[in-house]
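Read through the structure below, which is laid out as structure tokens, and then see the notes.
Owing to the predicted nature of the structure, the values given are computational and were not obtained by experimental measurement. Just the heavy atoms: all of them, side chains too, but no hydrogens, waters or symmetry mates, feed the values below.
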Amino acid sequence: MNTIPESDRVIIFDTTLRDGEQSPGASMNLEEKLRIAEALESMGIDVIEAGFPIASNGDFEAVNEVAKVIKESTVCGLARAGIKDIDRAAEALRPAERKRIHTFIATSPLHMKFKLQMSAEDVHQAVQDSVARARGHVEDVEWSCEDGTRSERDFLCRVIETAIDAGASTINIPDTVGYTIPSEYTSLIEEIRNRVPNIDKARISVHCHNDLGLAVANSLAGVAAGARQVECTINGLGERAGNAALEEIVMALRTRADVMPYGTSVRTENITKASRLVSTITGFAVQPNKAIVGANAFAHESGIHQDGMLKNAETYEIMTPESVGLTQSNLVLGKHSGRHAFRKKLSELGFDLGDNAVQDVFVRFKDLADKKKEVYDEDIIALVDDEVRVNDRIRFLTLQVVAGSKGPQTADLELEIDGEVKATHASGDGPVDATFNAIKALFPHGANLQLYQVHAVTEGTDAQAEVTVRLDEDGKTVNGQGADTDTLVASARAYVNALNKLLVKREKTAPAAMSA
């Protein structure tokens, strides 16, 4: 993409670690955030928004550690329009070779009146003060007008001019509540380009939410209107209906360069790997019919489609699976397969795990291969998802359950908690209830079970069960997943995974006016 003129290059700003993590149920610990950040950098992402440093000590540490390890991408920290927020972001970003402070304040009449309880003039002054403060710390400052698409355009143009004069080199126009439509968004970006006298000194950015399913369409409309930065997330992760999906933005620009002659620096062959990593860590499964990265994105079941594909793949594929890192695997694994073949299979599936993680997953693979005649790719993906998400604070060890119509249903459970092995015996209204009661006895907590869901990973009575558990505690929601050929073991693993994520989530607070 180096041949693309700078005027036609679209900066990809990934906010998976910040806006994506705000999605209810999504929570990442420090190690997981670092893995995702490194994956984003290897993809060629221009800007990585690593978090909101003022939100919690955990968020500060995450931004600070990402700033230490990322060398090529710009590392960004979010801050409200306040001195403490901005100074905290600057402190967290200090180790970064390339750093950006992203500061914001709401500009719509609705938000200014009811949320900020500030006058338009007070907001205008806050823009001047906050951007100038940020510019005193770093050269690269981005300013966002929260709820920009519902702001009055005269006021919006005035505060954008002020932000640029104060030192902002990127101006982001968020569709914070996913309200706008492409033609309206195009008009807004064009009006800003025509009416703000110093707009040539800044890059316009777009940040679209997906409440009406238009986030990607609106983002591309913004690019066509002159925006040259798109803010997005892997798999479209984000609060409510999510954000614009990075993989869809990038592949749309690549596939339809005939009508959108703009380029990015993204190495698209890494898309599938990044998608699976984010899905694995967050516990948010990618829907099968999801564009670009869904399991069915390159599947063809219709006889007419299959006939066309056999004659010429371009009849029904507008991009190749290889272009997004999806390769056809002919390597079949069984109980006699060794580590080398297993590691090769993991690589083909888009996983890049450390030696310890590979060993842990390999042990479970061998156990699974002893139970199942055929081990499918989906089985291995479920194993990896289950293993690499585990946080060391609480670990599942063993479970023995007595079930049936006569009762009582009981569970004998062993967990490792903070390095100490603990065991208990519990009963319940069914084997799942008994298992969850045992977990509560070993690790007391007040979280409520919001969702318990089971699905088979593959076909057959020997299929692995993948269980999803959703817990809620004081408004904090987390998802946990677990897989095993024994549904009850999978249930215990899922509950433990959710508890570990809840421990991470407990550290986080939600500062007022957080979303941009």
Side-chain angles (χ1 to χ4, degrees), residues 15 19 22 52 54 78-83 85-86 102-134 141-166 168 170-199 202 204-215 217-219 221-222 225-227 229 231 238-244 510-516:
T15 183
D19 204 335
Q22 288 175 217
F52 196 177
I54 199 71
L78 186 69
R80 293 167 300 180
I83 291 176
D85 276 49
I86 292 167
H102 178 193
T103 183
F104 71 95
I105 193 169
T107 54
S108 69
L110 189 66
H111 278 233
M112 289 190 293
K113 179 179 179 180
F114 292 102
K115 187 178 69 176
L116 299 180
Q117 297 181 335
M118 294 171 65
S119 69
E121 287 309 310
D122 287 340
V123 169
H124 190 190
Q125 186 61 50
V127 172
Q128 159 69 37
D129 296 343
S130 60
V131 174
R133 183 79 176 193
V141 175
E142 175 173 339
W143 177 76
S144 286
C145 45
E146 185 181 5
D147 205 24
T149 55
R150 294 193 297 177
S151 299
E152 293 177 348
R153 294 195 178 185
D154 287 348
F155 179 67
L156 188 59
C157 289
R158 190 156 63 96
V159 291
I160 289 173
E161 180 181 359
T162 296
I164 296 171
D165 280 343
T170 299
I171 298 295
N172 183 43
I173 314 297
D175 184 30
T176 304
V177 293
Y179 179 73
T180 197
I181 61 174
S183 59
E184 184 180 53
Y185 204 40
T186 296
S187 171
L188 174 59
I189 300 299
E190 288 177 343
E191 185 169 342
I192 289 169
R193 292 185 69 196
N194 291 329
R195 290 187 56 190
V196 177
N198 56 357
I199 196 65
I204 297 176
S205 173
V206 293
H207 178 126
C208 298
H209 282 260
N210 204 40
D211 297 71
L212 293 176
L214 295 171
N218 285 331
S219 298
Q229 176 177 286
E231 305 193 1
E239 54 187 335
R240 303 190 313 278
N243 289 273
M514 182 170 180
S515 301

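- The shortest heavy-atom contact between Pro182 and Ala221 is O-CB, 3.7 Å.
- Counting heavy atoms from C-beta on, the side chains of Ser144 and His207 never come closer than 4.5 Å.
- The side chain to side chain contact (heavy atoms under 4.5 Å, CB included) with Arg80 is formed by just one residue from the set Ile105, Thr103, Ile54, Ile86; it is Ile54.
- Salt bridge absent: Arg195 and Glu190 never bring a charged side-chain N and a carboxylate O closer than 4.0 Å.
- Distance check: Cys145 SG to Ile192 CD1 gives 6.5 Å after rounding to the nearest 0.5 Å.
- The two residues Val123 and Ala106 come nearest to each other via the heavy atoms CG1-O, 3.6 Å.
- Arg193 CZ: 12 or fewer foreign heavy atoms inside a 6.0 Å radius.
- A donor-acceptor pair under 3.5 Å is formed between the side chain of Asn218 and the backbone N or O of Leu214.
- No side-chain heavy atom of Tyr185 sits less than 4.5 Å from a side-chain heavy atom of Ser219.
- In terms of modelled atom types and a separation under 3.5 Å, the side chain of Asn210 and the main chain of Gly242 share no donor-acceptor contact.
- Closest heavy-atom contact between Ala163 and Val127: CB-CG1, 3.8 Å.
- At least one side-chain heavy atom of Asn172 sits under 4.5 Å from a side-chain heavy atom of Glu231.
- Atom CD of Glu184 sits in a crowded spot, with more than 12 heavy atoms from other residues, nucleotides or ligands closer than 6.0 Å.
- Counting only heavy atoms from C-beta outward, the side chains of Ile171 and Glu142 never approach each other to under 4.5 Å.
- For the atom pair CZ (Phe155) and NE2 (His124), the distance works out to 7.0 Å, reported to the nearest 0.5 Å.
- Residue pairs meeting the salt bridge (Lys or Arg N to Asp or Glu O under 4.0 Å) criterion with at least one partner in residues 156-166, sequence neighbours excluded, are Glu121-Arg158.
- Judged by distance alone, with hydrogens and angles left aside, the side-chain atoms of Asp175 form a donor-acceptor pair with the main-chain N or O of Thr180 at under 3.5 Å.
- Proximity of Asp85 to Phe52: side-chain heavy atoms (C-beta onward) are separated by under 4.5 Å at one or more points.
- Nearest approach of Ala126 to Met118, heavy atoms of both residues: CB-CE, 4.3 Å.
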Determine, step by step, whether Thr149 and Thr176 satisfy the side-chain contact (heavy atoms from CB on, under 4.5 Å) criterion, reporting the C-alpha distance in whole Å, the side-chain angles of both residues, the deciding distance to 0.1 Å, and the verdict. CA-CA 8 Å; Thr149 55; Thr176 304; over 6 Å; no
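- Counting heavy atoms from C-beta on, the side chains of Ile83 and Arg133 come closer than 4.5 Å.
- There is a side-chain donor-acceptor pair under 3.5 Å between Ser151 and Thr107.
- Looking only at side-chain heavy atoms (C-beta outward), Tyr179 and Asp147 stay at 4.5 Å or farther from each other.
- Taking each heavy atom of Arg150 and Ser108 in turn, the nearest pair found is O-CB, 3.5 Å.
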TODO: Start with the C-alpha distance between Ser187 and Arg153, add both sets of side-chain angles, then the distance that settles side-chain contact (heavy atoms from CB on, under 4.5 Å), and finish with yes or no.
DONE: CA-CA 11 Å; Ser187 171; Arg153 294 195 178 185; 3.2 Å; yes
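- Nearest heavy-atom pair, Glu239 versus Gln22, reported as atom, atom and distance to 0.1 Å: OE2-NE2, 2.9 Å.
- With contacts defined as side-chain heavy-atom distances shorter than 4.5 Å, the pair Ile173/Leu188 qualifies.
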